[in-house]
Amino acid sequence: MAEYAKALIIGDVESCFYDQYPGISDLGLIHLFSISGFQVTYFFVFLRKSFKKMYFPKELSLTLIALAIPLFFVFSGSVQSLIRPIIAAELSLFASYFNLRIEKEKIWSFSLATGLLLSPMLLLNLGGQLSYLLSFSLMFIGHLKPFKQGLLMSSVTIPIILNSKFTWHFLSMPANFFAIPIFGMVIMPLIGLAVVLHPFWNQAVCFINYLVALFADLIEMISKIPGKIVFGKMEDYLVIPLVCLILLSFDQRKKIRNLSLMVIVTAFTASFCFIHFPTNGEFSAFDIGQGDSLLLRTPLNQKTILIDTGGKVALPQEEWQISKTSSNQAKSIIINYLQSKGINHLDFLLLTHGDMDHVGNAKYLFSSIKIKHLIVPLGMTKTNSFRREIKPYLGKTDVIEVTNQVQIRNFPFRILHPFKSGSAVNEDSIALFAKVGNLNVLTAGDLPQEGEREIASRYPDLKIDLLKFGHHGSKTSSNINVLNHWQVKYGIISAGRHNRYGHPKKETLETISKLKIRAFNTQTNGMIRFVYNNDKSYFQTFTKDFNDSD
């Protein structure tokens with residue numbers, strides 16, 4: 001109830017709120033927490049009635065309320081979502097004081113302009129976008145019946161949610177019709193009552209907390225019913241036109257409604273196809289901190305292969321140190337990115353070896369996305385780390401142990417290492433080679449220099465254009481003679497910012513400089529993508545795109 005009260009009473013919806021309650025976003029119920037005007041309205045009505053009972057003159061009441069409302073903003077922590085309703089309330093008070101009539105459209109427009117002046121980033125977060133969109137929509141639904149009002153409020157948010165959350169659930173419409181009346185008539189009054197009773201009657205507050213928890217659990221239970229569609233990231237340039245078309249689809253004129261609906265269906269269908277069947281492919285290194293996680297996605301999303309998952313060593317913590325709202329990299333980085341590309345499953349998850357910074361996030365992936373095959377080095381299934389970190393979460397995923405003698409059907413990489421069974425340590429890392437676009441690519445986990453020399457000896461004709469540097473740029477990998485023999489042109493270093501190991505090491509950076517390798521580093525470049533198709537290929541980082549001829 002504390003999280004609900006914070007979000008609803010003072011309008012402070014933290015970024016981790018929707019990670020803690022994913023069903024709210026999955027079912028498109030974010031708007032229940034985003035209109036952010038009722039708390040100011042309740043405060044306004046409470047003061048107005050209180051002053052009226054005390055027989056305050058109208059002018060004095062309006063003046064006192066106008067002074068009190070900004071104090072509500074200050075004591076709530078000055079959260080951005082309250083800027084719009086407070087500005088709108090002040091304008092309404094000004095109009096009432098001077099007996100003026102100001103159209104609601106002008107009040108909304110002025111609140112938007114003033115909000116952007118006070119907080120220029122206001123519309124760059126989901127809460128701000130939904131707050132202004134839904135308050136705008138409320139101005140034009142008076143002619144609609146309650147059923148259509150709920151339908152409009154739930155559907156108009158779809159383009160924005162797909163642009164930021166990438167998924168949609170078949171049950172979102174029914175869930176809205178079920179949740180909106182319960183939310184307005186039961187949950188909101190209960191939370192307000194709990195705030196009032198909290199200092200005096202703890203038993204009643206506990207019972208209210210139980211009822212609110214039932215509502216929250218019911219939302220989460222409904223969201224887990226099959227029907228979730230991974231749509232992908234809606235293009236930015238489509239969002240505003242689609243929002244306008246959805247509003248027009250509720251117009252009183254039948255021709256406008258029909259034309260709008262036809263364009264909406266066409267736009268959503270075309271967008272879905274472009275997202276799910278892209279003409280380009282990519283080989284990408286996630287900015288996962290001190291760890292490794294690579295993605296190969298072939299054109300038309302025919303094959304999706306994730307190599308390692310990143311992860312952190314979990315140190316023992318006291319109960320008070322454990323955050324209830326902490327998210328994990330698998331969800332916030334990897335799963336979000338896959339869903340933005342319309343990917344709802346992985347054909348292969350490959351774990352190069354057993355270190356936590358390569359496998360630690362795997363357990364979260366297994367519970368969040370379908371994985372058909374898991375590939376590990378021969379001998380890894382016998383290790384304690386596999387039994388603890390992987391086996392309990394596998395479900396129906398097929399496990400394949402490999403050496404260089406094993407080649408897997410429909411797997412686009414050639415396995416070059418390990419040569420024998422091991423215990424999933426650095427020396428047993430899987431080395432993979434593939435032709436990706438116009439580049440020969442090699443990645444080998446944390447394989448040391450001795451392993452690199454063995455690969456070069458067994459495959460003397462091997463030429464590498466793009467190398468994922470071993471062991472995060474440690475001096476234990478990246479032998480200068482081997483890299484020179486391979487004729488490496490480009491390199492990717494995956495390492496955490498200010499990591500305790502000092503990766504990448506000075507020796508590796510000197511090797512890169514001597515061999516004139518064009519190297520990208522997640523520490524400075526963020527996520528790194530090599531994008532390719534039949535016509536061209538280029539490297540893409542957080543700040544700039546690079547043609548492979550640059």
Any heavy-atom pair between the side chains of [Y] and [X] that's under 4.5 Å?
X: T443; Y: L294; value: yes
X: M527; Y: F542; value: no
X: Q329; Y: K312; value: yes
X: L483; Y: F469; value: yes
X: T298; Y: Y532; value: yes
X: D465; Y: W486; value: no
X: L306; Y: S293; value: yes
X: F520; Y: I493; value: no

Please check: side-chain N/O of [X] versus main-chain N/O of [Y], any donor-acceptor pairing under 3.5 Å?
X: K363; Y: G360; answer: yes
X: H471; Y: G473; answer: no
X: S368; Y: Y364; answer: yes
X: H276; Y: F231; answer: yes
X: Q449; Y: K475; answer: yes
X: H485; Y: P460; answer: yes
X: S340; Y: Y337; answer: yes
X: N525; Y: N521; answer: yes
X: N336; Y: I333; answer: no
X: S537; Y: G437; answer: no

At their closest point, which heavy atom of [X] faces which heavy atom of [Y], and how far apart are they?
X: S478; Y: G470; answer: OG-N, 4.0 Å
X: Q523; Y: R497; answer: O-NE, 3.1 Å
X: I415; Y: L432; answer: CG1-CD2, 3.9 Å
X: F272; Y: V230; answer: CE1-O, 4.1 Å
X: P418; Y: P377; answer: CG-CB, 4.1 Å
X: L351; Y: I430; answer: O-CD1, 3.8 Å

Atom pair [atom1]/[atom2] of [X] and [Y] - distance to nearest 0.5 Å:
X: I528; Y: Y490; atom1: CD1; atom2: OH; result: 14.0 Å
X: H417; Y: T403; atom1: NE2; atom2: OG1; result: 10.0 Å
X: T157; Y: I161; atom1: OG1; atom2: CD1; result: 3.5 Å
X: I264; Y: T266; atom1: CD1; atom2: OG1; result: 10.0 Å

[atom1] of [X]: more than 12 outside heavy atoms within 6.0 angstrom?
X: K233; atom1: NZ; result: yes
X: K463; atom1: NZ; result: yes
X: I225; atom1: CD1; result: yes
X: K420; atom1: NZ; result: no

Ring centroid separation for [X] and [Y], is it under 6.0 angstrom?
X: F166; Y: W168; answer: no
X: H358; Y: H472; answer: yes
X: F530; Y: F539; answer: yes
X: F433; Y: F413; answer: no

If we check salt bridge (charged side-chain N to carboxylate O under 4.0 Å, His left out) with D347, which of these qualifies: K372, R297, K370?
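Among K372, R297, K370, the one meeting salt bridge (charged side-chain N to carboxylate O under 4.0 Å, His left out) with D347 is K372.
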Take T352 and D308 through the test side chain to side chain donor-acceptor pair (under 3.5 Å) and record every step on the way to the result.
CA-CA 6 Å; T352 57; D308 290 329; 2.8 Å; yes
Would D398 and H373 count as a side chain to side chain donor-acceptor pair (under 3.5 Å) here? Give the steps.
CA-CA 5 Å; D398 177 38; H373 306 285; 3.3 Å; yes
Among T381, I400, L394, L350, find the residue that satisfies the side-chain contact (heavy atoms from CB on, under 4.5 Å) test when tested with L374.
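That would be L394; it is the only one of T381, I400, L394, L350 passing the side-chain contact (heavy atoms from CB on, under 4.5 Å) with L374.
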For H353, which of T383, N426, D428, L447 qualifies under side-chain contact (heavy atoms from CB on, under 4.5 Å)?
N426
Side-chain ion pair, K468 and D292, N-O less than 4.0 Å
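Yes, charged N to carboxylate O under 4.0 Å.
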For E282 and S284, test the side chains for any donor-to-acceptor distance below 3.5 angstrom and give the result as yes or no.
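There is such a pair between these side chains.
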